[in-house]
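Have a look at the structure below before the remarks.
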Amino acid sequence: MKAFLKHKFFISILIAATQAFGQYDPVELHCIKATQPTGASLEWQIPPDPLGHFDSYKVYRSSDNVNYSLVGTVNNYLQNNFADAAASTQNQSYYYYIIVEYFDGTTILPSVPSDTLQSIFLEVNNSNPQDGFAHLLWNKIHDPKLGTHPNNYDVERKYYFTGVWSIIATPMYGSEFYDDVDKVCIDSNYYSVNVTDAYGCVSHSNQVVKQIIDKTPPEIPVIDSASVDPLTGEITISWTVSKPGDIGGYLVIRDGIVIDTVFGNVDTFYVDQNANAENESQSYGISSFDTCWNVNPTGPNVGPTDIIHESMWETIIPQTCENALDINWNAYKEWPLGVSEYDIYVQSGATFNKVSSTGGTTFKFENANPGQLYCFYVRAKENGGVRTASSNLKCDSVETFKKPNFNYLKSVSVNTSNEVEIKWTFDTNSETDSIIILRSEDGSVFDEITALKASSGNLTYIDRSARPDLAPQYYKVVTTDQCKRPLLTSNLGRTVYISGKANQSAIMNQMEWTEYLDWDTLGNGVESYDLWRSIDDGTFHLVENVDNNQKYYQDDVEQYMDTEGEFCYYVIAYESAGNQFGTKETSTSNVFCLAQKHNVYLPKAFTPNDDVFNQEFKPISSFLEEEGYSFEIFNRWGDKVFETSDPQSGWDGNKAPLGVYLYSLKYKNDEGEEMKQKGSFTLLR
């Protein structure tokens, strides 16, 4: 801005000078140099003076560009510089302009003022927080740029310990700032900004010495992933930084504890060879540090960690009874957009094949072969990105159960309550969990009648729902594992079933029975059978022992005609010796009962004459019951001469006279109906 805008005193002079000395150009001020330790040095171009009227150069200065004062007069026309020793240019910037005065022999008049230039005042700071870089800021010399000034500034620096100035940058005019990219941990540097004018002079800023300290941590690394190597169990942590130049290395943090240091800023990954990826999920953070080593506190500047990344930990829960493996893992949560899906891989030989993908954190691997080892790992895929992270490798199998070496049905036998008693033994060194007992009445279709928890190896069970009196009962025993899956089925067991019929004409009971099945073949099965009989609900007595090939018997019961004719039978089967399981069992059949029919005959006469024959008169009967029996005899006048309720008792005549007598007989038939019979007979001597 022209001086007349700054100082009213020169308005009238300017008008007069313009009129009187319009042929003279104003002086051109080119450079202002801040001198050391104080002061300013101005340099200008000598203006033409064709008439030789030069009187002096007047130098004006202001600290605010408003209030100017004369600070010096140069009377030598050929002198083109001025030293302002009073200017404190190391502390502030000053504004200068110059007026040339001319004397024509009568009057002294001023020229037009020169351009106003501002001395360059440089400020250097170490930002807050202190980051180890010098941040430079200065003012323009003139706005707009003078035509003789270059387009660039020269920024110079001198290290405190070398004393050599060097240009470190040439920022464009209009960009009056610069950040020194040479980071300093703690040191003092000198800085100056210069402008070299085309006229040949140089404008220098004040010289600034600044202690630069780096107390600012470097940039926070951003973790890409924490991924487990399924084969080694090592966890690789990778990260990125946008400004690696400020970084001297990285601290690797696992579960809140620094476990290692990566020096330098080139390597941005770390392999944790001591990870416990097999047993737990592990969390990782990365913190960067710079190369500056501070005195207090001792150590480099260390930055905070970014988001902690947690590795995926996979577990497997075998579902033995489903032949399946439940695979579970923790979600990978640290990617900003989350996970698109998880891929599940299963090992097949030396390779891994993807078996499924899911958006959740569980997967059921079905149709697993019991006893086969399966190995899995899970890989998370970034949603909308390319990053992945893998879990640990986990192997497991569906359990197989040790089958019993033997499961032997020792015997099935009918007890006195018409229940079937089942006895068996099995290998207790097996992993048998339960015993299933099956029953059939045809040997083909079996139904489960009970399930027992396996305990000792020698067991007995009473089947109270069976009907061994109606048909032979078939049994087998199945050992099962904890999933109720069959392990081993026993041999077949079949009860002995006895039946028969009464031969009335031959007064004989014809009995037959089924063979016992199925004792151990090494013992040759059945050795023999015992047939037992009871009469009229009496005690059972052995009738006969027959060999194993005989399964029938004809029992002559004529000698028991004086009984009520009720006969019951059962059979006992005896196992042959030599059973490989060391047993020798018996099997009792059902009890089968039958009855001979009642027969009654009364003679027409009898002769009680002590000759042994026909000494009594009574009904000739077989298998007649006492219950409801009544026999009475009357003479021809109707007088009762004899009576009895015993089928075996008769009338001996009692010295009665010869003649015709009457009888009355009552008894019950085979169906339990009361029968009556009356008639006459003759007593002879």
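We use all heavy atoms of the structure for the numbers below, so side chains are in, but hydrogens, waters and symmetry mates are not.
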Could you work out, with salt bridge (charged side-chain N to carboxylate O under 4.0 Å, His left out) as the rule, every residue matching [X], not counting sequence neighbours?
X      : value
Arg379 : none
Asp433 : Lys453, Lys484
Asp556 : none

**Message:** Going by side chain to side chain donor-acceptor pair (under 3.5 Å), name the pairs with one or both residues in residues 396-408, residues two or more places apart or in two chains.
**Reply:** Asn405-Asp427, Tyr408-Asn579

**Item:** Sequence neighbours excluded - side chain to side chain donor-acceptor pair (under 3.5 Å) pairs with any residue from residues 493-502
**Value:** Tyr474-Arg494

Residues forming a side-chain hydrogen bond (donor to acceptor under 3.5 Å, both in side chains) with [X], sequence neighbours excluded:
X      : result
Tyr332 : His309
Asn392 : none
Gln554 : none
Glu382 : Arg387

**Prompt:** Does any non-hydrogen side-chain atom of Phe617 lie less than 4.5 Å from one of Tyr661?
**Reply:** no

**Request:** Determine, for Lys333 against Glu310, whether the closest basic-nitrogen to carboxylate-oxygen distance falls under 4.0 angstrom.
**Result:** no

**Pairs meeting criterion salt bridge (Lys or Arg N to Asp or Glu O under 4.0 Å) with involvement of residues 643-654, two or more places apart** = Lys640-Glu643

**Request:** Any salt bridge (Lys or Arg N to Asp or Glu O under 4.0 Å) involving residues 438-452? Give me the pairs, sequence neighbours left out, ordered by first then second residue.
**Result:** Arg439-Asp463

**Partners meeting side-chain contact (heavy atoms from CB on, under 4.5 Å) with Ser411 (sequence neighbours left out)** = Lys423, Tyr516, Trp519, Glu585

